[in-house]
2 protein chains.
Amino acid sequence: MKAAILSIGDELLIGQTINTNAAWLGKELTQLGIAIDVSWTIQDTAEAIHTSLDQLIPKVDLIVCTGGLGPTKDDLTKHALCEYFGTTLEINKEILTRIEDFFKRRKREMLEVNIQQAALPVDCTILHNYHGTASGMWFEKDGCIVISLPGVPYEMKGIMNDEVLPRLRDIFPVQEIYFDTLMTQGIGESFLAEKIEDWENKVRGLGYKLAYLPSPGIVRLRLSSEKGASEKERIQELLKEVQERLPQHVYSLGEIPLAATLGELLMDRGLTIGTVESCSGGSISKELVRIPGSSRYYEGSLVVYSYAQKENVLGIPHEQLSEYGAVSKEVITQMAINGQKKLGTNICIATSGIAGPSGGTKDKPVGTVWVAVTDGEIVFAKQFFFGDNRERNIQVSTLTALNLARCFVLGILAEKKEATLV
Amino acid sequence: MKAAILSIGDELLIGQTINTNAAWLGKELTQLGIAIDVSWTIQDTAEAIHTSLDQLIPKVDLIVCTGGLGPTKDDLTKHALCEYFGTTLEINKEILTRIEDFFKRRKREMLEVNIQQAALPVDCTILHNYHGTASGMWFEKDGCIVISLPGVPYEMKGIMNDEVLPRLRDIFPVQEIYFDTLMTQGIGESFLAEKIEDWENKVRGLGYKLAYLPSPGIVRLRLSSEKGASEKERIQELLKEVQERLPQHVYSLGEIPLAATLGELLMDRGLTIGTVESCSGGSISKELVRIPGSSRYYEGSLVVYSYAQKENVLGIPHEQLSEYGAVSKEVITQMAINGQKKLGTNICIATSGIAGPSGGTKDKPVGTVWVAVTDGEIVFAKQFFFGDNRERNIQVSTLTALNLARCFVLGILAEKKEATLV
């Protein structure tokens, strides 16, 4: 069972839009046991659409197209597909009523271009869009299913979940590929590989496929088997061996955000958390709040970006800031302690660093970041050197701080002896 | 001059990694006047690599491959390319020295797998990697250039900037496509299209290509010409017509983050800003801090997520919270006023809403968000209804708040008469 993803749109080719749809579709189809053979991005011209379908239809069983179904004049996928499958457009009354309702419910005026979105091919299965006004379409040709969906991720996902995935589950009931992922933080790809070399040789010997997937601050370890879901238990057991070996770095089995893992831990223990952020600038807070239900353990944050805010909001003594600078063990320790008291949370994370591009000195180059965590009784502070890219430094600081808090709560800080009493 | 992007890696196909590399490469090559014909993502097998090269080499002048050059065993691009171009691997002494230096400077131990990264094809141009240990490679066949780069975005971009783009600029000096983008916030695609219908007909009549690129909270309007950079002035003039027509929505000509536009305005006027965030949870702060140099106008934020923090940190009266609830005109107005005083900034933005998935009521459904902005003299508060998706609500709240602050500073708030005195 093989599929192709066909993303249509110049904005993707010229890099104005990052193709998150292809990733989401890849994940959903893989979970159904459908192997993604290729994922192509093409220009939004009828010619490019026709040529690609000619090449892909003989190769795969399913093609999911996205893009070009909007109400504006640059959207031509519907017309190109009509031509390709030899059918015509007609106003679909049921869909027109739905579109009218959509605008009524939102108390918004309906435009002529929106009425035209009810003009749909006569010979195809219409896929209802409950989140917008562009319907999806399901065609079949030479044993290949061709689905066309809007490019707006929110609407595309809605139609997939409501209309496409249930149908595909009925048609292709067998799960063929199984994989699971171990999430690690704070260890580079080569070092991880060295630490698990014996294990890697073992799993490869057993016929599993292993991939290292690095991104800033995180390396994911994906173990997969083509034997399907029957391998689930064995794959999880094998990954747990790595988890037991590297508890400071492995934060979850399964692709869960680090903030969610930390959140689970806090909830289990009935603890609350807050943050005091300088260089991470609210990013740790944002990560924590992203997780639904985080109000059960997350209280709030003080983003003390300027020296003035560190003094006024957090009460860091002026002399301490002048003597040591904001990026120092002394100040980060005080930030964590004062923040924990001010917010009244069980746990408080603090960051202070030089994100760049400017602000670095010889002693404290760009990328120097201090992170501290405290429970009001002991405080642990650690210095890191991340590099010279601002966005990366903010991101890696955020992940490092979250992982430090996780290890702190679990009582497995590698260098806990270095912690000091508050 | 046509190019193809070839992204190699199962992690992209199965959606574990979002392909940001293809977008970045698309943007860079387009800016050079190279048209992106297709962007393909394929499996990391020698067969998939060989088949794709067979299909693409006759069609395009340049192929940029990414992925599969890491130090671990799942990285096989180097070997597949060696085989395809009929060459062999040999340890490159210069590169080995560079890799040794790389580890020395970072005070990290060097591993055997890292030594193997100096094994490179004899018959290719080596592209130096100053940010990592995987070198890039430049091959040529039948008039087509084939470049192979590591998949880690940071390293890929480094090699492109240092080694590839300067060479391509020499080889292909003509800029053929020119486009510019207008950024809008707070207006849907269909409504934007209706408001500029006459303008759209005009620019299409003049032979320009127009695209609407919607993402949560933002619609980008891209106007392009195949006549190249000579059209720059005319395209910018045309886009400025839209900007003048919709000043509350158009925040920039050119793809600049909204927080950067706001930052520029604040700097011009010598103003400082701070935020008080509930439902946006630090996300506005994060957006402001992302911009290099933001310390010149951004002071700090109080993320008062819980009721307790709204009372303790911000001093919102308990009675006001109980009577009106946190998501109300009364509380958001007070949050902005107290936040501005507490932080001592010229401008203060506040948010409070129900991000979901839970917490909604009949009167205040999930997606209800209040945003306020104040300069300490007047305060403006506005209610929005965004929808039922948590991440989207956080993102759209953030952009809406930043745009409201922009209009406030510019004195062009559409409903400024609704503002009240502090």
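Protein chains get the first letters and strands the later ones, always in sequence-line order, with residue 1 at the start of each.
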(message) E287(B): which residues meet the salt bridge (charged side-chain N to carboxylate O under 4.0 Å, His left out) condition with it, sequence neighbours left out?
(response) R290(B)
(request) Go through the atoms of K209(A) and report whether side chain, backbone, both or neither lie under 4.5 Å from a heavy atom of chain B. (result) side chain
(message) Testing the basics here: between S285(B) and G281(A), what is the closest heavy-atom pair and its distance to 0.1 Å?
(response) OG-O, 2.7 Å
(message) Looking only at heavy atoms and a cut-off of under 4.5 Å, which of N114(A), T133(A), L288(A) has the most pairs with chain B?
(response) N114(A)
(request) Flag the one option from I36(B), I14(B), I18(B) with the top tally of heavy-atom pairs under 4.5 Å to chain A. (result) I14(B)
(message) Does the plane of the ring in Y298(A) sit parallel, tilted or perpendicular to the ring in Y305(B)? Use 30° and 60° as the thresholds.
(response) tilted
(message) I'd like to know which of G300(A), S301(A), G282(A) tops the heavy-atom pair count under 4.5 Å against chain B.
(response) S301(A)
(request) Please determine, among V113(A), I42(A), T17(A), the option with the most heavy-atom pairs under 4.5 Å with chain B. (result) T17(A)
(request) Give, as side chain, backbone, both or neither, the part of Q55(B) having an atom under 4.5 angstrom from any heavy atom of chain A. (result) side chain
(request) For each of Q43(A), R220(A), E255(A), tally heavy-atom pairs with chain B at distances under 4.5 Å, and name the one with the top tally. (result) R220(A)
(message) Can you give me the closest heavy-atom contact between V289(A) and R390(B), atom names plus distance?
(response) O-NH2, 2.7 Å
(message) Please classify the contact of L111(A) with chain B as side chain, backbone, both or neither, using a heavy-atom distance under 4.5 Å.
(response) side chain
(request) Counting only heavy atoms closer than 4.5 Å, note whether P214(A) contacts chain B via side chain, backbone, both or neither. (result) side chain
(request) Indicate yes or no: at least one non-hydrogen side-chain atom of E299(B) is less than 4.5 angstrom from one of V313(A). (result) no
(request) Could you list the residues that satisfy side chain to side chain contact (heavy atoms under 4.5 Å, CB included) with N389(B), not counting sequence neighbours? (result) Y154(A), E391(B), R392(B)
(request) Sort V304(A) into side chain, backbone, both or neither according to what part of it lies under 4.5 angstrom from a heavy atom of chain B. (result) backbone
(request) Sort S358(A) into side chain, backbone, both or neither according to what part of it lies under 4.5 angstrom from a heavy atom of chain B. (result) neither
(message) Heavy-atom cut-off 4.5 Å, strictly under: side chain, backbone, both or neither for L6(A) against chain B?
(response) neither
(request) Against chain B, label D10(A) side chain, backbone, both or neither, depending on which of its atoms sit under 4.5 Å from a heavy atom there. (result) both
